[in-house]
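Reading through the structure tokens given below for one structure.
Just so it is clear, the values below take in all heavy atoms, side chains as well, and ignore hydrogens, waters and symmetry mates. Atoms within each ligand, like the ligands themselves, are counted from 1 in listed order. Position 1 is the first residue of the sequence; numbering continues from there.
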Amino acid sequence: MRRLALALLLTVASTPLARAEDGYDLWLRYPRIDDAALLRSYQATVSSILVGGQSATSRIVADELTRGLTGLLGANVPVSRDLARDGTLVAGTPASSSVIADAALGAELRTIGDEGYLIRSSRVRGTRVTLIAANSDVGVLHGAFHFLRLLQTHQRIDALSVADYPRIQHRILDHWDNLDGSVERGYAGRSLWDWFKLPDYESPRLADYARANASLGINGTVLTNVNANATSLTPPYLVKVAALADVFRPYGLRVYLTARFSAPIEIGGLKTADPLDAQVRAWWHAKTDEIYRLIPDFGGFLVKANSEGQPGPQDYHRTHADGANMLADAVAPHGGIVMWRAFVYSETGNDRHKQAYTEFQPLDGAFRPNVLLQVKNGAIDFQPREPFHPLFGAMPRTPLMLELQITKEYLGFATHLVYLAPLFEEVLRADTYAKGEGSLVSKVIDGSLHGYTQTGIAGVANTGTDRNWCGSVFACANWHAFGRLAWNPTLSSADLADEWLRMTFTNNAAFVATVKQMMLSSRQAAVDYMTPLGLHHQMARGHHYGPGPWVAGGARADQTSVYYNRADALGLGFDRTETGTNAVSQYAAPVRDRFASLDRVGEDYLLWFHHVPWTYKMASGQSLWNELTARYCRGVESVRGMEGVWRGLEPFVDAERFDETRSFLAIQEKEARWWRDASILYFQTFSKQPIAPDACGPPADTLEHFMSINLRYVPGTNP
Ligand code: GCW
């Protein structure tokens, strides 16, 4: 027994070291500032903390500032009860803190809304202070994280004048989590919600999840999969949802649920789910009231209807607006919203690219004010690169929210290092030309282009029970980037990578510059080795892991690769111009004309919009065929470049995170070669041309071999 106790003691004593850098702390590590001069200047500026208010949120602010400053400054920074000395960091609202009230920030506070904050170096009552002021406790919390970020990224804090606020109202993570604990398209372990033990046991991890989101400004979480299960709306589950809501609330994080459209039948005992049926409407009203009794600040519903087998209003010959409005009426008295997804496509034989627009654009203006239409960034499905969705700019009277995918279903899962901020930035900065030049997607979704009264953005979460949260340390950079862009969609991917690296690893300038470059080029690398030149949806069937350009047949043509690549003896690519499906016609004239022109479309979207002859002369002077094979190899070489860069960085990184990244890059290199070999061998059966010698060498195996690979157990799918 005693020996056991001793062994335990030793394990515990050694654990903090061994575990210290396993990725759990995300970007919220607070190591002592290693630059002596900077440390002294920080210590001179902040020596105590004064937080106003008694709320749970105020306590979180005090704890976070204490933890952060004590760590970063390497010494205890005490919490004081009054404004006793120079160097006090004061955080609060005019109502919760008399110091903040005395600072007379009223006019400025009026410009930052409920969730924004001011950070000021100032003097109050003759004392030198730093103020974190807001209109609500949650605003103060956001400001506290901003302040800590300044220190974490080694910025000056002695002459601060910051005013910041979210540009988008609803900033939401969508969890595709199932009640059995599995996560659709999840590559980071199981669901964070332990439904079985809830509501009696709330894992401490839940508060850490909320804290991480609060540090980014994410203010909503949809707990359940859009492929919904009506059971989540039954009383035993609603109690569990309420328990989660209680944990998340002080962090400014609201909960939402997905609503299965047929729930009135499945759990309500009704014969129909027709949205115009009086009993159905009454059932949803009663259900909604029941939810709000348990969760007064419940956010509302997210709905996937008449898409990929999900039930919906069209089952009753009603429109999407009929369905959305019924739910909107139920949540409206409580201030809730409905996020109705535009991700629909059916077997009409019509180009899948066109279907959401065809279905929803005519409904512009037909939705209740508390409905947001949730539109994926592109018209197909979270591909490595897609042109922006043609609905953006086309529905001036319906608030459109943007749906991004943080989990990398089509980008190599958690093991490929693919930084998504450049992808997010590309869509946010895409110009719809809806109201002339400068009609950016970011302005559609922040409401400024069309004057939307509701605004939103959602990211399909990549979190799970893996110790590092996201399946790999670098995958968490995508959670960070999503959250920060949701707060301010004009931030740049370069700045976000810089910030995340400093907070996650080190402020060492050489390290940051090198890895930042690697991150920023990683998305193009994935495009090159998976789907270069505008190819899309070439992944293996179902699980989408690895190449499958030959995928054909089965229930749905528009879920196959051959539907999208259209490879034939003449050439490659999908003609979406007037001679083809004319999907280009769904874009505003200048965009349409550019996409329709073979000369002006550009190489990124070439094969997305055009069927191009194998012999077509590319900008490089090479034929399409030679350019294509060169692109695949360029992708492989980029990954090899990343491996080389990382190998040189061992001195800067703790062993655990260094090794994980090194191993994952090796997996990525192996899989990039797999993608390249399999894809060019397949396309060669159409081009009938030799593969020019390149740095990747001849394919490592035959096409038959690659086509015979059939993996059964792949994460993120139900077996
Ligand atoms: O990307 C596809 C995925 C499905 C997903 C669907 C959707 C939740 O392959 O797993 O279902 O999109 O977005 O509804």
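Evaluated for a side-chain contact (heavy atoms from CB on, under 4.5 Å) with Y529, the options Q668, E671, R673, R631 yield exactly one hit, Q668.
Short contacts between ligand 1 and F343, defined as distances under 4.0 Å to a heavy atom of the residue, involve ligand atoms 6 (C), 7 (C), 12 (O), 13 (O), 14 (O). Counting atoms of ligand 1 from 1 in the listed order, those under 4.0 Å from a heavy atom of Y410 are 1 (O), 9 (O). Each of the atoms 9 (O) of ligand 1 lies under 4.0 Å from some heavy atom of H544. Interface atoms of ligand 1 facing K304, defined by a heavy-atom separation under 4.0 Å, are 6 (C), 7 (C), 8 (C), 11 (O), 14 (O).
Ligand 1 lies within reach of R341, whose nearest heavy atom is under 4.0 Å from it.
At a 3.5 angstrom cut-off on N or O pairs, N225 does not count as close to ligand 1. For W176, no nitrogen or oxygen atom sits less than 3.5 Å from a nitrogen or oxygen atom of ligand 1, counting backbone and side chain alike.
Counting protein heavy atoms only, atom 6 (C) of ligand 1 is closest to E308 OE1, 3.3 Å. Closest to atom 3 (C) of ligand 1 among all protein heavy atoms lies E409 OE2, 3.2 Å. Closest to atom 12 (O) of ligand 1, if we only count protein heavy atoms, is K376 NZ, 3.2 Å. Looking only at protein heavy atoms, the nearest one to atom 4 (C) of ligand 1 is E184 OE2, 3.4 Å. Among protein heavy atoms, atom 8 (C) of ligand 1 sits closest to N227 ND2, 3.2 Å. In terms of protein heavy-atom proximity, atom 1 (O) of ligand 1 is nearest to D381 OD2, 2.5 Å.
Ring pair Y187/F413 is parallel by interplanar angle, where below 30° counts as parallel and above 60° as perpendicular. Ring-plane geometry between Y410 and H544 is classed as parallel, the angle between the planes falling under 30 degrees on a 0 to 90 degree scale with a further cut at 60. Relative orientation of the Y452 and H450 rings is tilted, given thresholds of 30° and 60° on the angle between their planes.
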>> Between W340 and L327, does the side-chain contact (heavy atoms from CB on, under 4.5 Å) criterion hold? Intermediate values first, please.
In response: CA-CA 10 Å; W340 192 268; L327 291 171; 4.1 Å; yes
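Residue contacts with ligand 1, taken as heavy atom pairs separated by less than 4.0 Å, do not involve Q405 at all.
Distance check, rounded to the nearest 0.5 Å: CG of L276 to OG1 of T319 gives 8.0 Å. Residue T531 holds its OG1 atom at 7.5 Å from CG of L411, rounded to the nearest 0.5 Å.
Salt-bridge formation is not detected for the pair D351/K354: no Lys NZ or Arg NE/NH1/NH2 atom is positioned less than 4.0 Å from an Asp or Glu carboxylate oxygen.
Looking only at atom types and distance, the side chain of E409 has a donor-acceptor partner in the side chain of Q405 under 3.5 Å away.
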